[in-house]
Asks: 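My questions all concern the structure below.
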Amino acid sequence: MDISQLFYDLFFDYTLRTVALGSAILGIVSGALGSFAVLRKQSLLGDAISHAALPGIVIAFLLTRSREPVILMLGALIAGWLATLFMLKVIRTTRIKDDSALGLVLSVFFGMGLMLLTFTQKLPDATQAGLDKFLFGQAATLLQRDVVTMAVIGALAIALLMTFWKEFKLITFDAEYAASLGYPVRGLDVLLTTLLVIAIVIGLQTVGVVLMSAMIVAPAAAARQWTDKLKFMVILGGLFGAIAGVSGTLISGSAEKLPTGPVIVLCMSVIVLFSMLFAANRGLIWNWFRNLKNRRHLRAQAVLSDLNTLAMQHPNEARGHSSAVLRAMSTNPDGVSLALSQLKEQGYAQELAKDAWALTQAGLDEAGKTSEKEA
Amino acid sequence: MAVNAIDVTDLTIAYKDKPVLWDVDMEVPSGTLMAIVGPNGAGKTTMIKSILGLIKPAAGQVLVYGKPYAEQRHLVGYVPQRGSVDWDFPTSVLDVVMMGRYGALGWLKRLGASERAAALDALDKVGMKSFAQRQISQLSGGQQQRVFLARALVQDAQLYFMDEPFQGVDATTERAIVTLLQELRSAGKTVVVVHHDLQTVPEYFDWVTMLNVRRIACGPVGDVFTDQNLRKAYGGKVAFLSAENGKH
């Protein structure tokens with residue numbers, strides 16, 4: 001399938017358009033709220049909530065015998081919420097620490113969900129078919145009204161995030177200070193966590209309970225690489241999530257048997273990888289270059305100081321020294337010739353004759369300044 | 001005007017079943033610069049946090065200018081320990097300082113020009129105005145401490161609580177902070193500081209409260225900062241300090 005056909009379908013093919021729109025919404029909401037989750041060190045909470053949603057979905061089905069996404073999402077919401085409360089209770093009342101409590105809640109709820117799922121699938125009637133698709137998501141089942149529901153709930157979550165922006169920022173940065181100012185930190189905490197649960201629940205049908213936490217953590221992690229402002233981090237997180245959602249949908253739509261959810265998560269991983277490597281200031285490549293530059297600078301400084309020492313041993317005498325001497329003085333002999341050519345470029349050193357190096361007047365001044373600073 | 005800035009009566013706080021503060025009384029007159037000293041685990045930080053309503057006491061009463069804290073919140077500024085937040089948070093120095101205005105601003109209102117001006121003014125007072133746009137992860141320890149001080153200053157409070165403001169700062173910053181504290185006192189404010197360096201207590205402060213789960217002493221430095229009280233608070237481990245103190 002060629003690209004132009006794909007874009008044509010994106011706008012005119014009902015299924016593809018619906019799925020792409022749904023994935024974009026899920027990406028925006030999870031990216032924006034995920035940013036707060038990551039900054040609040042709650043990345044794993046997202047994982048626990050999404051896994052814990054599974055029993056909620058199955059129980060909602062068992063109780064109503066309906067596969068209406070709204071009903072199943074409500075079940076997921078309640079289960080995700082209960083899991084969070086249960087976990088906080090465990091942390092507060094027992095000696096079990098956060099990470100263990102998360103693992104505990106995740107496995108207990110998810111195990112229960114799998115058990116209920118197996119049980120449901122053995123039921124004689126066929127209405128339960130497809131419930132297991134919530135494990136890894138099945139974007140193709142999205143209908144237009146599902147997307148409308150997602151859009152409304154998502155817009156509500158984003159609107160609440162914007163309304164309480166100042167307060168959420170404060171409790172994320174310094175909860176105790178917020179409490180001293182009189183803010184009901186516990187209540188704001190519950191509200192923000194509820195918004196996170198909503199963001200997760202919105203994505204379950206598309207991405208599934210197992211991979212959904214990636215859509216919470218990954219866009220935020222990628223966005224953090226590019227900016228030092230909370231506002232831009234949240235906007236970028238939403239944007240990255242949306243890009244991953246739409247491109248994942250397009251890629252899986254262009255090939256047979258490529259599941260949408262995992263492809264979306266893969267697209268997101270590519271964005272994260274790219275951001276980790278290439279982002280300015282925080283990226284690995286950037287850091288590598290900066291370190292290289294620092295190392296070269298330090299090496300040049302060391303050689304400069306060595307040349308100065310040699311010059312002091314022979315006062316009143318403009319005399320060159322061979323690089324072999326400098327190599328013997330250096331802790332890193334291999335870098336000496338590079339450092340010498342660097343110093344020459346900067347005008348600090350000169351080659352009086354072949355392999356006879358000495359400092360220029362500027363070099364002597366510079367060495368004097370450096371040793372003064374050290375003293 | 002005889003009302004105390006802080007009146008703590010019979011304050012008891014327990015963590016699980018271990019008492020952190022036991023039946024503590026403390027009176028702080030208005031307009032004093034007071035240090036809270038005591039060994040590690042003496043309950044100094046707990047004391048401050050319970051006055052600020054951050055920790056629920058098991059028993060006892062706290063009054064701020066004669067009324068419960070919840071009614072007097074607008075009169076109180078707080079400088080938490082510098083290490084209590086993640087300084088890699090994506091925000092600028094100016095943003096952090098403006099947080100000090102959130103309480104007065106109230107819900108749903110956006111920050112405006114007057115908050116900005118107040119924040120810049122406070123940054124100027126702590127010598128950090130040129131750092132306003134700096135990302136907070138690029139600050140040194142002393143600069144972080146000054147930012148937290150500026151955030152408390154924009155609260156424009158009558159009573160300040162500072163939790164170890166001298167922790168890990170260099171001599172210049174320490175001097176700058178002390179000068180600032182003394183200016184606050186001259187302006188009639190009350191400042192309560194959790195402090196670790198016993199040597200500087202007589203020089204920096206005029207009141208002192210000595211804690212070790214129980215209250216050991218509370219009063220003017222000249223009256224209560226004695227070898228005997230120090231030994232009671234620190235259990236004889238400060239022999240060299242009290243010798244030093246005797247010279248004053």
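The chains referred to below are lettered A, B, ... by the order of the sequence lines, with proteins before strands, and numbering in each begins at 1.
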Asks: Taking B:Y102 for the side chain and A:Y183 for the main chain, is one N or O donor matched with an acceptor at less than 3.5 Å?
Replies: no

Asks: Which class fits the ring pair B:F89 and A:F173: parallel under 30°, tilted 30 to 60°, perpendicular over 60°?
Replies: tilted

Asks: Identify which part of B:L54 has an atom lying under 4.5 Å from any heavy atom of chain A, answering side chain, backbone, both or neither.
Replies: side chain

Asks: Looking at every heavy atom in both B:G100 and A:Y177, which two are closest together, and how far apart are they?
Replies: CA-OH, 3.3 Å

Asks: Which bit of B:Y69 is near chain A, if near means a heavy-atom gap under 4.5 Å: side chain, backbone, both or neither?
Replies: side chain

Asks: Checking heavy atoms, do the side chain of B:V76, its backbone, both or neither come under 4.5 Å from chain A?
Replies: neither

Asks: With a 4.5 angstrom heavy-atom cut-off, could you sort out which part of A:L230 is near chain B: side chain, backbone, both or neither?
Replies: both

Asks: Within a strict 4.5 Å, meaning less than it, do heavy atoms of the B:Q155 and A:L181 side chains meet?
Replies: yes

Asks: Where does A:K231 contact chain B at under 4.5 Å (heavy atoms): side chain, backbone, both or neither?
Replies: neither

Asks: Check whether B:R110 gets within reach of chain A through its side chain, its backbone, both or neither, counting any heavy atom under 4.5 Å.
Replies: side chain

Asks: Would you mind checking if A:K229 and B:D95 are paired as a salt bridge, meaning a charged N to carboxylate O distance below 4.0 Å?
Replies: no

Asks: Select one option (side chain, backbone, both, neither) describing which atoms of A:R282 are under 4.5 Å from chain B's heavy atoms.
Replies: side chain

